[in-house]
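Since we're looking at a predicted model, the values are computed, not measured. Keep in mind that the numbers below use all heavy atoms, side chains included, and drop hydrogens, waters and symmetry copies.
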Amino acid sequence: MSLKRILALASGDASDSSALAFAATLAAQHDAVVDIVPVYPDSTADMIALGFTLGSTVSQDTVEELAAAERGLQVRIEDVARRAAKDADVVFGPGDGAPRIRVLGRSLRPSLALSRQTVLADLVVIGQESIRPGLTQELLDQALLSDRAPVLVARGDPDRLSGPAAIAWDGSLQAGRAVRAALPLLAMASAIHVLQCITGLERQAGDPDIDLLNAYLKRHGVGEGVAVPVEGADAGAALIAAAEARQIGLLVAGAWGHSRVRETIFGGATRRFLRHTGGPSLLLAH
């Protein structure tokens with residue numbers, strides 16, 4: 001059980017530090033390679049496309065200024081990645097050996113670049129500070145819903161991943177995918193708590209039997225989780241409160257178990273998890 005290829009999303013601003021620190025720490029622990037995917041917008045291409053749409057041209061000076069700005073973002077990403085690699089005692093730069101951090105070149109639109117890379121990746125890491133309306137939120141949704149990649153939303157100190165972990169367990173397909181993806185991280189945890197919101201538990205959607213989950217964890221050498229029943233009309237809030245009360249460093253959960261339309265209109269545990277900016281890091285899968 002290990003992680004061998006990790007993707008980290010970076011946009012060239014201050015929010016990159018958390019994601020790259022977590023990715024570097026995991027690379028060192030699992031002898032993995034981290035490929036950093038630059039996800040800043042392609043301003044030059046967008047400006048040229050806009051010019052064509054409006055029937056006008058973009059001056060060469062403007063194109064060069066935008067290109068220079070993008071090169072600056074790439075350099076910032078490389079600088080942050082180099083520091084993260086040094087802090088985690090991981091090699092920085094191109095090559096095949098591991099543990100290592102590499103920064104990919106910016107040659108495709110972020111959504112296309114991400115999809116091409118998630119095909120053979122064990123985990124996608126994004127910093128909580130990066131998740132905001134616009135491109136990064138769209139890429140998070142894409143990674144989970146379209147690419148079906150497990151995503152680690154990094155919060156706080158990476159060392160907390162070796163502390164207590166929790167699984168939000170309802171027996172759903174999404175929760176099962178999250179647990180399978182999280183096995184290497186759960187194996188690092190000092191203890192595992194299985195949180196189950198009794199209120200509104202949908203037994204028709206899956207088998208929420210915690211004994212079955214624990215049997216699976218034991219077969220993988222992870223150990224048993226301690227069952228923690230949780231109650232509350234707002235399942236997401238109740239699960240977060242239970243996790244924080246136990247000083248959980250990682251919460252493993254299925255994402256968007258209900259339809260997106262229903263969750264958008266009525267809310268849902270996934271939205272609550274993502275909007276609660278404090279608390280444990282999240283490992284989500286759809």
Side-chain angles (χ1 to χ4, degrees), residues 1-4 6 8 18-19 21-30 32 88 122-128 144 149-198 206 208-230 235-255 257 269-270 272-274 276-286:
M1 281 188 309
S2 61
L3 302 169
K4 289 304 177 186
I6 300 166
S18 180
F22 270 75
T25 298
L26 291 173
Q29 292 169 338
H30 295 272
D122 299 315
L123 186 67
V124 177
V125 181
I126 183 170
Q128 174 68 56
L144 287 169
V151 175
L152 175 66
V153 179
R155 292 172 172 163
D157 190 335
D159 289 341
R160 293 188 66 202
L161 293 179
S162 60
I167 300 170
W169 183 246
D170 60 3
S172 66
L173 287 171
Q174 293 82 5
R177 292 189 190 105
V179 168
R180 295 198 299 274
L183 286 173
L185 301 182
L186 292 172
M188 297 164 44
S190 62
I192 299 174
H193 301 269
V194 182
L195 310 181
Q196 192 167 75
C197 189
I198 305 303
D209 188 344
I210 293 177
D211 289 339
L212 291 177
L213 171 62
N214 276 331
Y216 177 81
L217 295 176
K218 285 195 293 183
R219 289 191 185 102
H220 281 277
V222 173
E224 288 189 80
V226 177
V228 180
V230 175
L239 290 167
I240 290 170
E244 291 186 328
R246 289 160 179 79
Q247 298 183 322
I248 298 299
L250 175 71
L251 176 60
V252 177
T270 308
R272 177 70 71 176
F273 292 157
L274 291 171
H276 186 81
T277 56
S281 295
L282 305 171
L283 192 145
L284 303 175
H286 178 69

Distance in Å, Lys218 NZ paired with Glu224 CD, rounded so as to fall on 0.5 Å steps: 4.0 Å
Check: Pro208 main-chain N/O paired with Gln196 side-chain donor or acceptor under 3.5 Å: yes
Contacts of His193 that satisfy side chain to side chain donor-acceptor pair (under 3.5 Å) - sequence neighbours left out: none
Least distance between heavy atoms, Trp169 atom then Asp209 atom: NE1-O, 3.6 Å
Identify the two heavy atoms, one from Ala168 and one from Ala253, that lie closest to each other, and give their separation to 0.1 Å. CB-CB, 4.0 Å
Do Ile248 and Leu195 have side chains that get closer than 4.5 Å, going by heavy atoms? no
Return the set of residues passing side chain to side chain contact (heavy atoms under 4.5 Å, CB included) with Ala19 (not counting sequence neighbours), or none when no residue passes. Val125
With the side chain counted from C-beta on, respond yes when Pro280 and Leu250 share a heavy-atom pair under 4.5 Å apart, and no when they do not. no
Do Thr25 and Leu161 come within less than 4.5 Å of each other through their side chains, counting heavy atoms only? no
Heavy-atom check, side chain of Leu183 versus side chain of Leu217, under 4.5 Å: yes
If you compare all heavy atoms of Ala165 against all heavy atoms of Ala189, which two are closest, and at what distance to 0.1 Å? CB-CB, 3.7 Å
On a heavy-atom basis, the closest approach of Asn214 and Gly225 is OD1-N, 2.6 Å
Which of these passes side-chain contact (heavy atoms from CB on, under 4.5 Å) with Phe22: Ile126, Leu152, Ile6, Leu123? Leu152
If you look only at pairs with a residue in residues 151-167, which of them pass as a side-chain hydrogen bond (donor to acceptor under 3.5 Å, both in side chains), with sequence neighbours excluded? Gln128-Arg155
Where Pro184 and Ala181 come nearest, the two heavy atoms and their spacing: CD-O, 3.4 Å
Any Leu185 side-chain heavy atom under 4.5 Å of Val252 side chain: no
Quick one: do Met188 and His30 satisfy side-chain contact (heavy atoms from CB on, under 4.5 Å)? Show the steps, please. CA-CA 10 Å; Met188 297 164 44; His30 295 272; 3.2 Å; yes
Closest non-hydrogen contact found for Gly223 with Ile192 is O-CD1, 4.5 Å
Rounded to the nearest 0.5 Å, what separates atom CD1 in Ile198 from atom CG in Asp170? 11.0 Å
For Lys4, side chain to side chain contact (heavy atoms under 4.5 Å, CB included) partners two or more places apart: Ser2, Asp31, Asp122
Residue set satisfying side chain to side chain donor-acceptor pair (under 3.5 Å) with Glu244, at least two apart, ordered chain then number -> His276
Considering residues at least two apart in sequence or located in another chain, which fulfil the side chain to side chain donor-acceptor pair (under 3.5 Å) criterion with Arg272? Asp234
